[in-house]
Amino acid sequence: MSSRKNVILIGFMGVGKGSLAREVLKNSKYMTIDTDDLIESMENRKIKNIFELEGEEYFRRLEKNVAKWLEESVQNTLISTGGGFYKQKNLKKIGIVVLLDSPFDAIIKRIKEHPNAAKKLKKRPLLADLKQAKELYDQRRPEYLKLADIVIDVTDKSAEECAKEFLKKVKKHG
Ligand code: S3P
């Protein structure tokens, strides 16, 4: 494990970063924070609203501020991130990078099968057009893989199974 002892979860929208973090929390010493939640509380408004009123560039600047704070001030924490947070230049300085990986179609299926599917789709501006979202996925996936210290294939696995695999792999990574 890095000296900072943070673990940072990256991966495409809807892959289950938040669910995994909450599951890990039940069975380990970690505390968790989520970069989107931090941004929403900093701004006192929803991500969707920030995108609509201020644009994506503004949102990415907020992510950059969060990344700087994480690097300087946060330790021993499991950090889940928005799907585009991996672009932050200091990502690897924040902690061990764990990628939750799954094919695009499986991610969309996972979202659509969720009891709150409509809400899950609506809150993510970059999922509004599935063709564009697939292009974004194809562009990002190799970049995610390049940054990852650990990869967890979450396809057709429960949050519990993923959490077990996560804890085993992070322990092994040291
Ligand atoms: C984004 C992913 C979202 C959120 C924002 C932008 C992205 O988070 O940060 O809508 O660029 O992939 P989730 O990955 O939690 O959906």
Side-chain angles (χ1 to χ4, degrees), residues 6-25 32-70 74 77-91 94-95 97-148 150-155 157 159 162-163 166:
N6 291 315
V7 179
I8 180 152
L9 292 176
I10 64 166
F12 203 67
M13 291 170 270
V15 77
K17 291 162 289 183
S19 308
L20 173 69
R22 284 186 290 278
E23 191 61 36
V24 168
L25 190 63
T32 76
I33 53 178
D34 178 275
T35 59
D36 283 347
D37 289 348
L38 287 169
I39 287 171
E40 288 189 344
S41 59
M42 277 156 62
E43 291 277 303
N44 193 27
R45 49 184 171 164
K46 296 288 176 196
I47 304 280
K48 186 173 184 286
N49 199 271
I50 300 172
F51 264 73
E52 273 167 16
L53 294 175
E54 316 289 350
E56 183 171 346
E57 213 174 291
Y58 178 86
F59 175 75
R60 299 301 172 198
R61 280 205 297 278
L62 297 174
E63 286 193 316
K64 191 172 174 191
N65 296 343
V66 170
K68 188 166 180 281
W69 172 74
L70 289 170
V74 175
T77 298
L78 174 55
I79 302 159
S80 59
T81 65
F85 190 85
Y86 77 100
K87 291 209 181 213
Q88 297 305 318
K89 291 204 170 37
N90 65 341
L91 185 84
I94 298 171
V97 178
V98 177
L99 169 65
L100 302 195
D101 189 35
S102 192
F104 181 76
D105 289 346
I107 294 175
I108 300 303
K109 186 168 165 266
R110 180 180 182 275
I111 297 175
K112 288 190 169 162
E113 281 171 357
H114 196 277
N116 267 337
K119 199 172 154 212
K120 292 209 164 273
L121 281 170
K122 215 171 134 210
K123 77 169 197 179
R124 296 181 161 108
L126 299 177
L127 277 185
D129 179 329
L130 286 187
K131 194 171 163 272
Q132 275 177 26
K134 170 76 168 78
E135 282 168 17
L136 191 62
Y137 174 92
D138 288 341
Q139 176 212 312
R140 281 182 179 175
R141 187 162 179 269
E143 298 173 0
Y144 287 146
L145 285 166
K146 211 182 277 175
L147 285 163
I150 294 170
V151 180
I152 301 178
D153 180 355
V154 301
T155 314
K157 287 181 196 154
C162 295
F166 168 91

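Whatever order the structure lists ligands and atoms in, that order sets their numbers, starting from 1.
The residues Glu63 and Arg60 are annotated as salt-bridged, a charged nitrogen and a carboxylate oxygen being separated by less than 4.0 angstrom. One finds a salt bridge joining Glu40 and Lys46 here, because a Lys/Arg side-chain nitrogen approaches an Asp/Glu carboxylate oxygen to under 4.0 Å. Ionic pairing of Lys109 and Asp105 is not present here: no N-O contact between side-chain nitrogen and carboxylate oxygen is shorter than 4.0 angstrom. Remark: Glu54 does not engage Arg61 in a salt bridge, criterion side-chain N to carboxylate O under 4.0 Å.
Interface atoms of ligand 1 facing Ile47, defined by a heavy-atom separation under 4.0 Å, are 5 (C), 10 (O). Of all the atoms in ligand 1, the ones that sit under 4.0 Å from a non-hydrogen atom of Gly84 are 7 (C), 11 (O), 12 (O).
Only the side chain of Pro125 comes within 4.0 Å of ligand 1, counting heavy atoms alone; its backbone N, CA, C and O stay farther away. By the criterion of a heavy-atom distance under 4.0 Å, neither the backbone nor the side chain of Lys87 is placed next to ligand 1. Only the side chain of Lys17 comes within 4.0 Å of ligand 1, judged by heavy-atom distances. Residue Phe59 touches ligand 1 through its side chain alone, judged by heavy-atom distances below 4.0 Å. Residue-level proximity to ligand 1 for Lys120 is absent, since no heavy atom of it falls below 4.0 angstrom.
For atom 12 (O) of ligand 1, the closest non-hydrogen atom on the protein side is Arg140 NH1, 2.7 Å. Nearest protein heavy-atom neighbour of atom 11 (O) of ligand 1: Arg60 NH2, 2.6 Å. Protein heavy atom at the shortest distance from atom 8 (O) of ligand 1 is Asp36 OD2, 2.8 Å. Here the protein heavy atom with the shortest distance to atom 16 (O) of ligand 1 is Arg124 NE, 2.5 Å.
Taking the six-membered ring where tryptophan is involved, the planes of Phe59 and Phe51 are tilted, since the angle between them lies from 30° to 60°.
Taking distance alone, with nitrogen or oxygen atoms compared against 3.5 Å, Phe51 stays at or beyond that limit from ligand 1.
Considering all non-hydrogen atoms of both residues, Leu99 and Ala148 come closest at CB-CB, 3.6 Å. When all heavy atoms of Phe85 and Ala67 are compared, the pair lying nearest together is CZ-CB, 3.6 Å.
Judged purely by distance below 3.5 Å, without hydrogens or angles, the side chains of Thr35 and Thr81 never pair a donor atom with an acceptor atom.
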